[in-house]
S.K.: 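I am attaching a structure below and will ask some questions about it afterwards.
First the proteins, then the strands, lettered A, B, ... as listed; each starts at 1.
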Amino acid sequence: MKKKSSTRSKAVAPRKSRTMPKKYQAPLIEKKWQRIWEEQGLFKTEMFSNKKQKYYCLVMFPYPSGDKLHVGHWYNYGGTDTFARFMRMKGHNVFEPMGFDAFGLPAENYAIKSGVHPAKSTAKNISYMRKQLRSLGAMYDWEKEVVTCDPEYYKWTQWLFLQFYKKGLAYRTKAPVNWCPHCQTVLANEQVQNGICERCGTAVTKKDLTQWFFKIRDYADRLLDFKGLTWPEKTKSMQEHWIGRKEGINIRYRIKDSDKEITVFTTRPDTNFGATFVVIAPEHPLVDSLTTMENEAAVHDYIQDAKSKSEIERMNDVREKTGVFTGSYAINDLTGYEMPVYVADYVLMDFGTGVVVGVPGHDRRDFEFANKFSIPIIRVIQGIDGNTGPIDSIDKVQEDDGIMVHSEFLNGLHPTEAISKMMDYIEKKGFGKRVINYRLKDWLLSRQRYWGCPIPIVYCKSCGEVPVSEKDLPVLLPEKVNYLPKGDERSPLGTSKQFVHTTCPKCGESAEREVDTMDTFVCSSWYFLRYPSSDFFREIDSSKKGSKQTHFSKNTHISHNVHAFDQKLTKKWLPVDMYIGGAEHACMHLLYARFFTKVLHDLGYIDFEEPFTRLVHQGIITKNSAKMSKSRGNVVSPDAFVKRYGSDVFRMYLLFMGPFTEGGDWDDRGITGLARFIEKVYTLITQKKTDIDDPEMLRLIHKTIRKVGFDIERFQFNTAIAALMECTNMAYKKGLSRDSAKFLVKLLAPLAPHFSEEMWGYLGGKFSVFDAPMSETAWPQFDSALAAETEVELVIQVNGKVRGRLMVSVDISKEEAISQVKEVENVKRYIEGKTIRKEIYVPKKLVNIVV
RNA sequence: GCCGGGAUGGCGGAAUUGGUAGACGCGCGGGACUCAAAAUCCCGUGUCCUCAAAGGAUGUGUGGGUUCGAGUCCCACUCCCGGCACCA
């Protein structure tokens, strides 16, 4: 390492005096520093060094789409890089990797349309995007790049699947699943939005298929625990809601004139004295046996009708309650009431027990249903207004609050107390048991698509379902496959005889491979674990071109790809300290990654339970207030702007638009402001040097140090830039000493890295502006003494209205300030001849005289 | 329907959490430089009254309230954005 630092300073010796061009040549200078940074290996993280505290700063990796990187990416990655550079300058050993989430539907859909093989288009997109990312000028350590469609990577995705499988956390079962007729694949619940396929917008239908699932439900309770995480409250509550933990009770009702029973789930057993009917989901297995002969035809018709509806059709029918009587009655043991059992599609099979007990007086849906079918409505909770009369309109349906009535031993209680009392009673009597239900479903991970990670399972006639042995991984995705959808549920891989035919790992007899691939979210659920050790495990293959395969720093030993991630590096670098990405992943990627981390913890591979300690969501950059998309034709490409103004200006402009977490609407006019700003700093530094700073100038420099650091820490880049502009504006008038100019350049460095590196060199600073000698930090120290004001402006108010201003010394006493204030001409006009009722003095701020 | 977040000049947005509303930037107006234009620099820029200045009135979605003082706190409402949505 020592050798290296000496070559560094030689290669880029500070230029003390040289004539600078009148104008700042952004494109030229940026390319120069990108080259030097790379040659010097400035951003190659010292993975084993303990000299500084580690900081793992991660941004969600991009999908290599044909649209390339748009301004949204630049916003996101630019902001992340600014933060990462700031942390580096604050003295951390920062690791900021980049990679590609390369499997997935879009590449495959593109392939179907254009005939270009997904492997080809993906590789092409990646190489273009790499170029774009380089021009961004971020601190990416490219030797640690991760590409999920690389067999060296997905080998371990498969290995992880096998670990889950061995633990019983991956299983195969027949279940009603979401099916997208356009993408010709099943989808996870998380990928269906309002009944529509998240990818292509087609209405999703339900199918009964045998599919692979991860048992994420087993982790529901632990996923509700966000202890120690600095995450946006909103994201946490979205996950909470998605998991949907509900405490309730399963109550069994006897069926009249039969030995059958029916079980309902309810969170509100307190209202059970008011239960007058029961509704069962159309898909429920008990429907047939509950249906009496004379009702069979009607029930059959109703179920057929419900089945034929798509998810959206069912949702559109929300207003209108439908249903049909089965002919059976369930007996309410509390009252002896015989409750008719109906079939209705407003009851969902996959929540609770698929059966609901109807309390029309205190549930609006039940009321609508009872109203339509003329079922009696009983009041068991007094109205808030004290009303105990009949409930004859939906407005009178009181769902919570109030006092129990007509409920024997519950009378006089509040619902919350009544709930637990009733649960105790039911459990004691033996016709029910407390249970916890979750909205969260197990994660459906199989996809009937080609461009994904193959599931490492083999089906053998005699041994059944057999996992591929670990030494045989990866199960390679064959290249020569007809990836066009077949119009049925068969996966494209099923057409490759070479792929399908294999031998059973157990008995050696001929067997068939699983032909489904994994959801891409499986690949991205652990990539953050791979980054620190990715080059460590990268196989060296001389047949592969490109520098990334052959460059290894001297202190890492070359290893073959023998683990998913290295124990030592993982212990050192994880969890991720700062994770930045879109809020749209709240209930998908961010939940899945937490699940994976917890499972790997339980399996003993890692010693932490949460992958991302701090999480920040960037806002969305829109164009004409609409999301940028190819179909709308409003995608703004960053390339032209970068070419014209340089990455620094472009990045800064995006960050200047507003708070990072809020995004903004793209307007290409405003960018000139940032271009002018950089130009101004350039002129300032190259032409407006003074020997000594004006005291006011020095004060502002130190105030700016405090402000910029404070703002960047909180991702308020917009106000950090504004503060730098203010500082520059004053310096432009007053001139700036070399030392202060160096401070200014340092403050600017995280935001405009290339420009600052150049100016740093010009000012005689030692390469690099992002580094500092051991005992120091590159980020300037704020000196409160130098920032302290000697004089402040007091605002003078009379009756709360501003009537004047006065410069006073900071340590002026209350009495002194007030007496001085009273001498101000304009103030006199308002207080003369009036009695002063109150005098308020806020030190260093204002005086308010009440007359 | 439920849960979040928001509404501030012509525009994007500031405001130390109750103490100068409109920082900073864009745009616009005026001026300087120039044969001219661009670029650059300087001045101005919420609205209204006033020739102008001084000064004043008014002003942070709407209506009320608390306070010496409210963009900020409380109550009621309107609209916009995001999430969930027949979840028992």
S.K.: Contact class for A:Glu233 vs. all strands (heavy atom < 4.0 Å): base, sugar-phosphate, or nothing?
M.R.: nothing
S.K.: Would you kindly say whether A:Tyr346 and A:Asp366 are connected by a side-chain donor-acceptor distance under 3.5 Å?
M.R.: yes
S.K.: How close or far is atom C1' of B:rC26 from atom CG of A:Asp665, stated in whole angstroms?
M.R.: 14 Å
S.K.: Would you call B:rU58 syn or anti, using the 90° rule around 0?
M.R.: anti
S.K.: As a test of reading the structure: which of B:rA14, B:rG83, B:rG19 is closest to the side chain of A:Lys845, going by heavy atoms?
M.R.: B:rG19
S.K.: In whole angstrom, give me the gap between the P atoms of B:rG22 and B:rU45.
M.R.: 12 Å
S.K.: Just to confirm, is there a sub-4.0 Å distance from OP1 or OP2 of B:rU58 to any side-chain nitrogen or oxygen of A:Lys801?
M.R.: yes
S.K.: If pairing requires Watson-Crick or G-U wobble contacts with both distances under 3.5 Å, which nucleotide is the partner of B:rG18?
M.R.: none
S.K.: Can you figure out which of B:rA14, B:rA21, B:rC26 approaches the side chain of A:Thr719 most closely?
M.R.: B:rA14
S.K.: When both hydrogen-bonding distances must be under 3.5 Å and the geometry is Watson-Crick or G-U wobble, what is B:rA7 paired with, if anything?
M.R.: B:rU78
S.K.: Taking only side-chain nitrogens and oxygens of A:Asn729, does any of them come within less than 4.0 Å of OP1 or OP2 of B:rA23?
M.R.: no
S.K.: Given the C1' atoms of B:rU47 and B:rC41, what is the spacing between them in whole Å?
M.R.: 30 Å
S.K.: Can you tell me how the ring of A:Phe641 sits relative to the ring of A:Trp666, calling it parallel under 30°, perpendicular over 60° and tilted otherwise?
M.R.: perpendicular
S.K.: Which donor-acceptor pairs under 3.5 Å do the side chains of residues 347-361 of chain A make with protein atoms, sequence neighbours left out?
M.R.:
{"residue": "A:Thr353", "atom": "OG1", "partner": "A:Thr263", "partner atom": "O", "Å": "2.7"}
{"residue": "A:Thr353", "atom": "OG1", "partner": "A:Phe265", "partner atom": "N", "Å": "3.3"}
{"residue": "A:Thr353", "atom": "OG1", "partner": "A:Val355", "partner atom": "N", "Å": "3.4"}
{"residue": "A:Thr353", "atom": "OG1", "partner": "A:Val355", "partner atom": "O", "Å": "3.4"}

S.K.: Closest to the A:Trp242 side chain: B:rU58, B:rA14, B:rC84?
M.R.: B:rC84
S.K.: Take the protein atom CE of A:Met725 and the nucleotide atom C1' of B:rA23, then report the distance between them rounded to whole Å.
M.R.: 12 Å
S.K.: Within the 4.0 Å heavy-atom criterion, would you say A:Ser237 contacts the bases, only the backbone, or no part of the nucleic acid?
M.R.: nothing
S.K.: Between atom NE2 in A:His585 and atom P in B:rG83, what is the gap in whole Å?
M.R.: 13 Å
S.K.: Choose from B:rA14, B:rC41, B:rG25 the nucleotide whose nearest atom is closest to any side-chain atom of A:Pro659.
M.R.: B:rA14
S.K.: Which whole-number value in Å describes the distance from A:Arg805 CZ to B:rG19 P?
M.R.: 16 Å
S.K.: From C-beta outward on A:Asp345, which listed nucleotide comes closest to its side chain: B:rC86, B:rG25, B:rA88?
M.R.: B:rC86
S.K.: Are any of A:Lys246's side-chain N or O atoms less than 4.0 Å away from OP1 or OP2 of B:rA88?
M.R.: yes
S.K.: Within the structure, does a side-chain N or O atom of A:Arg803 lie under 4.0 Å from either OP1 or OP2 of B:rA57?
M.R.: yes
S.K.: In whole angstrom, give the distance that lies between atom OH of A:Tyr682 and atom C1' of B:rU40.
M.R.: 15 Å
S.K.: How should the glycosidic conformation of B:rG9 be described, syn or anti, under the criterion that syn lies within 90° of 0?
M.R.: syn
S.K.: Whom does B:rG12 pair with, Watson-Crick or G-U wobble, provided both distances fall under 3.5 Å?
M.R.: B:rC24
S.K.: Ignoring hydrogens and geometry beyond distance, is the side chain of A:Lys234 in donor-acceptor contact with the base of B:rC3 at under 3.5 Å?
M.R.: no
S.K.: Consider only side-chain N and O atoms of A:Thr322 and A:Tyr302, and report whether a donor and an acceptor are under 3.5 Å apart.
M.R.: yes
S.K.: Between B:rC43 and B:rU50, how many Å separate the two P atoms, rounded to a whole number?
M.R.: 29 Å
S.K.: Below 4.0 angstrom, N of the basic side chain to O of the carboxylate: do A:Arg434 and A:Glu427 qualify?
M.R.: yes
S.K.: From the options B:rG56, B:rG27, B:rU20, select the nucleotide whose nearest atom is closest to the side chain of A:Tyr830.
M.R.: B:rG56
S.K.: Is the distance from the ring center of A:Phe369 to that of A:Tyr342 below 6.0 Å?
M.R.: yes
S.K.: Under 3.5 Å, side chain of A:Asp270 to main-chain N/O of A:Thr416, donor-acceptor pair present?
M.R.: no
S.K.: Taking the C1' atom of each, how far is B:rA15 from B:rG29, in whole Å?
M.R.: 27 Å
S.K.: Do A:Asp648 and A:Arg651 meet the salt-bridge criterion of a basic N to acidic O distance under 4.0 Å?
M.R.: no
S.K.: Mind checking the P distance from B:rA14 to B:rG6? Whole angstroms is fine.
M.R.: 12 Å
S.K.: For each nucleotide in nucleotides 64-69 of chain B, reading 5' to 3', give B when a protein heavy atom comes within less than 4.0 Å of its base, S when such contact involves only the sugar-phosphate, and - otherwise.
M.R.: ----B-
S.K.: Expressed in angstrom and rounded to an integer, what is the separation of A:Asn718 atom CG from B:rG25 atom P?
M.R.: 14 Å
S.K.: Going by the angle between their ring planes, with limits at 30° and 60°, are A:Phe226 and A:Trp231 parallel, tilted or perpendicular?
M.R.: tilted
S.K.: A:Lys828 has an atom NZ; how far is it from atom P of B:rG55, in whole Å?
M.R.: 16 Å
S.K.: So, does A:Arg439 get its side chain near the phosphate of B:rA85, meaning an N or O under 4.0 Å from OP1 or OP2?
M.R.: yes
S.K.: Please check this pair: side chain of A:Lys680 against backbone of A:Thr728, looking for a donor-acceptor N/O pair closer than 3.5 Å.
M.R.: no
S.K.: Taking the side chain of A:Val347 as heavy atoms from C-beta outward, which of B:rC26, B:rC42, B:rA88 is closest to it?
M.R.: B:rA88
S.K.: When all nucleic acid strands are considered with a 4.0 Å heavy-atom cut-off, which category describes A:Asn826: base, sugar-phosphate, or nothing?
M.R.: sugar-phosphate
S.K.: Should B:rC86 form a Watson-Crick or G-U wobble pair with both distances under 3.5 Å, which nucleotide is its partner?
M.R.: none
S.K.: Find the partner of B:rC41: check Watson-Crick (N1-N3 plus N6-O4 or O6-N4) and G-U wobble (N1-O2, O6-N3) distances, both under 3.5 Å, and reply none if neither fits.
M.R.: B:rG31
S.K.: In whole angstrom, what separates A:Phe710's CZ from B:rA14's C1'?
M.R.: 14 Å
S.K.: Quick one: label A:Thr353 by what it contacts on the DNA or RNA (base, sugar-phosphate, nothing), any heavy atom closer than 4.0 Å.
M.R.: nothing
S.K.: If pairing requires Watson-Crick or G-U wobble contacts with both distances under 3.5 Å, which nucleotide is the partner of B:rU47?
M.R.: B:rA57
S.K.: Sticking with atom P, work out how far B:rC24 lies from B:rU72, rounded to a whole angstrom.
M.R.: 24 Å
S.K.: Does a side-chain N or O of A:Arg676 approach OP1 or OP2 of B:rG27 to a distance below 4.0 Å, or not?
M.R.: yes
S.K.: With a 4.0 Å cut-off on N to O distance, would you call A:Lys814 and A:Glu839 a salt bridge?
M.R.: no
